[in-house]
Amino acid sequence: MPWCPKCKNEYIEGITTCTDCGVDLVDELPKETDPGAPVILCRLDTEETAEKFLTYLRYGGLETVTVRPAEDRETGADLIIAPFEQDAAINMFAQLDTVEEDITEINFSDLLPAVEKKLAELEAEEASHMFSDLRTEASSVYVKKKDKYTDLKFSGISFLVFGFIGAAVVIANQLEFINFFNEFSVLIMAVVFVIFIAVGISSLIRARKLKHIVSEEEKVSNEVISWIQSNINDEVIADLVDPELSEEDNYFAVHEKLCNMVMEQFPFFNRAYAEELMDEQYNNYCEHN
């Protein structure tokens, strides 16, 4: 039986044009693809290589990338990722020092030395910020990448400003334009201000790595918020409330169900952020009832 490829209506044999859309009918409808389904980012020769690429992308803040054993060949592994983070991952590969051509035409396995070098640099950088990273990771509050980017950029600029001002003071003192500090004080100040400048540069580099995925996060967040506003209202929440449970037990039970609804619809979305949005939605419901 012929079908309309636009409105998906089925027609009887002999009809060749859709009466509603005016387009030619086809014998079979094309298979529908899920726009949210993960896509293959790159194919690699070994799982060990794939794990290193995975670690590199995770350092860049990509959360949906993972390794999957190759399905179309006997050995090797594939990196798969959510579509909304695919461009950000390609940009990370394009930033490697050895890439001088179109990244889509490169054998990804050839990038392994550059990835290993970058991982070593990132691990050294992470060690210098261990306390900050552990504190952030331990927090149960979701921190948006936009906020992380803003904080890192502000910190970087602040450290650089104070570092350069301090360096200028030290140089002026050494050139005897001013004579406020002795040699020992100048040495200590020079070390401190060099550290300030190094921290500032490091913060700006980290901010730059986050910048390219901020817009993608905002886009997905807006889609999720729009879906919540359209599908989770007071009536839906009221249906989930169990009158036999206490108010406190109901809060946790309903909150968990609402979060599960969001995660089923957006499986790659950050769980902690979903919980934050559901807190707000459920609190609004409690205020109205």
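The basis for the numbers below is simple: all heavy atoms, side chains too, and nothing from hydrogens, waters or symmetry mates. Only a predicted model underlies this, so the values are computations on that prediction, with no experimental measurement involved.
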Query raised in the report: So with a 6.0 Å cut-off around CD of Glu235, is the heavy-atom count from everything else above 12?
Result: no
Query raised in the report: Can you name the closest pair of heavy atoms from Glu256 and Arg271 and give their distance?
Result: OE2-NH2, 3.1 Å
Query raised in the report: In terms of side-chain heavy atoms, does Ser185 have a donor or acceptor partner in Asn182 at a distance below 3.5 Å?
Result: yes
Requested in this report: Output yes when a side-chain donor or acceptor of Asn91 lies under 3.5 Å from a complementary backbone atom of Asp87, and no otherwise.
Outcome: yes
Query - Phe196 ring center near Phe159 ring center (under 6.0 Å) - result: yes
Query raised in the report: Given side chains that start at C-beta, do those of Trp3 and Leu25 come closer than 4.5 Å, heavy atoms only?
Result: no
Query raised in the report: Cut-off 3.5 Å, side chains only: do Ser155 and Ser158 have a donor facing an acceptor?
Result: no
Report task. Could you walk me through whether Val65 and Glu85 pass side-chain contact (heavy atoms from CB on, under 4.5 Å), step by step? Result -> CA-CA 8 Å; Val65 62; Glu85 284 192 335; 5.5 Å; no
Query raised in the report: Around atom CG of Leu175, are there more than 12 heavy atoms of other residues, nucleotides or ligands at under 6.0 Å?
Result: yes
Query raised in the report: Which pair of heavy atoms, one from Cys4 and one from Val23, lies closest together, and at what distance?
Result: SG-CG2, 3.6 Å
Requested in this report: Check Cys21 against Cys18 and note the closest heavy-atom contact, atom names and distance.
Outcome: N-SG, 3.3 Å
Query - Residues, nucleotides or ligands: over 12 heavy atoms within 6.0 Å of Asp27 CG - result: no
Requested in this report: Could you tell me whether Asp78 and Arg73 have a side-chain N and a carboxylate O separated by less than 4.0 Å?
Outcome: yes
Query - Leu79 side chain reached by Leu54 side chain, heavy atoms, under 4.5 Å - result: yes
**Report entry** Greater than 12 external heavy atoms within 6.0 Å of Glu13's CD
**Finding:** yes
Report task. Test Tyr11 against Thr19 for side-chain hydrogen bond (donor to acceptor under 3.5 Å, both in side chains), laying out the working first. Result -> CA-CA 10 Å; Tyr11 286 84; Thr19 57; 3.3 Å; yes
Query raised in the report: Looking at Glu121 and Arg206, does any basic side-chain N land under 4.0 Å from a carboxylate oxygen?
Result: no
Query - Minimum heavy-atom distance between Val236 and Asn231, given as atom pair plus value - result: CG2-O, 3.5 Å
Report task. Flag the pair Ile237 / Lys257 as yes when at least one side-chain heavy-atom distance between them is below 4.5 Å, and no otherwise. Result -> no
Query raised in the report: So, do Leu160 and Ile197 sit near enough that their side-chain heavy atoms are less than 4.5 Å apart?
Result: yes
Query raised in the report: Are any non-hydrogen side-chain atoms of Glu47 and Pro69 less than 4.5 angstrom apart?
Result: yes
Requested in this report: Please report the closest heavy-atom contact between Met278 and Cys259, naming both atoms and the distance.
Outcome: CG-SG, 3.7 Å
**Report entry** Student check: side-chain heavy atoms of Val199 and Ser202 closer than 4.5 Å
**Finding:** no
Report task. State plainly whether one hydrophobic cluster holds both Val186 and Val191, where clusters connect Ile, Leu, Val, Met, Phe, Trp and Tyr through side-chain heavy atoms under 4.5 angstrom apart. Result -> yes
Report summary line: Exactly one candidate in Leu240, Asp242, Asp249 meets side-chain contact (heavy atoms from CB on, under 4.5 Å) with Val254; the answer is Leu240
**Report entry** pair Ile81-Leu62: side-chain heavy atoms closer than 4.5 Å
**Finding:** yes
Report task. Apply the test side-chain contact (heavy atoms from CB on, under 4.5 Å) to residues Thr49 and Thr46: give CA-CA distance (whole Å), side-chain angles for both, the deciding distance (0.1 Å), then the verdict. Result -> CA-CA 5 Å; Thr49 300; Thr46 66; 2.9 Å; yes
Query raised in the report: How far apart are the closest heavy atoms of Val262 and Ile232, and which atoms are they?
Result: CG2-CD1, 4.3 Å
Query raised in the report: Taking the six-membered ring for Trp, are the ring centroids of Phe53 and Phe93 within less than 6.0 Å of each other?
Result: yes
Report task. Go through the steps to decide whether Phe193 and Phe162 satisfy the test side-chain contact (heavy atoms from CB on, under 4.5 Å), and finish with yes or no. Result -> CA-CA 7 Å; Phe193 291 129; Phe162 283 111; 5.6 Å; no
Query raised in the report: Do the side chains of Tyr251 and Asp279 get nearer than 4.5 Å, heavy atoms only?
Result: yes
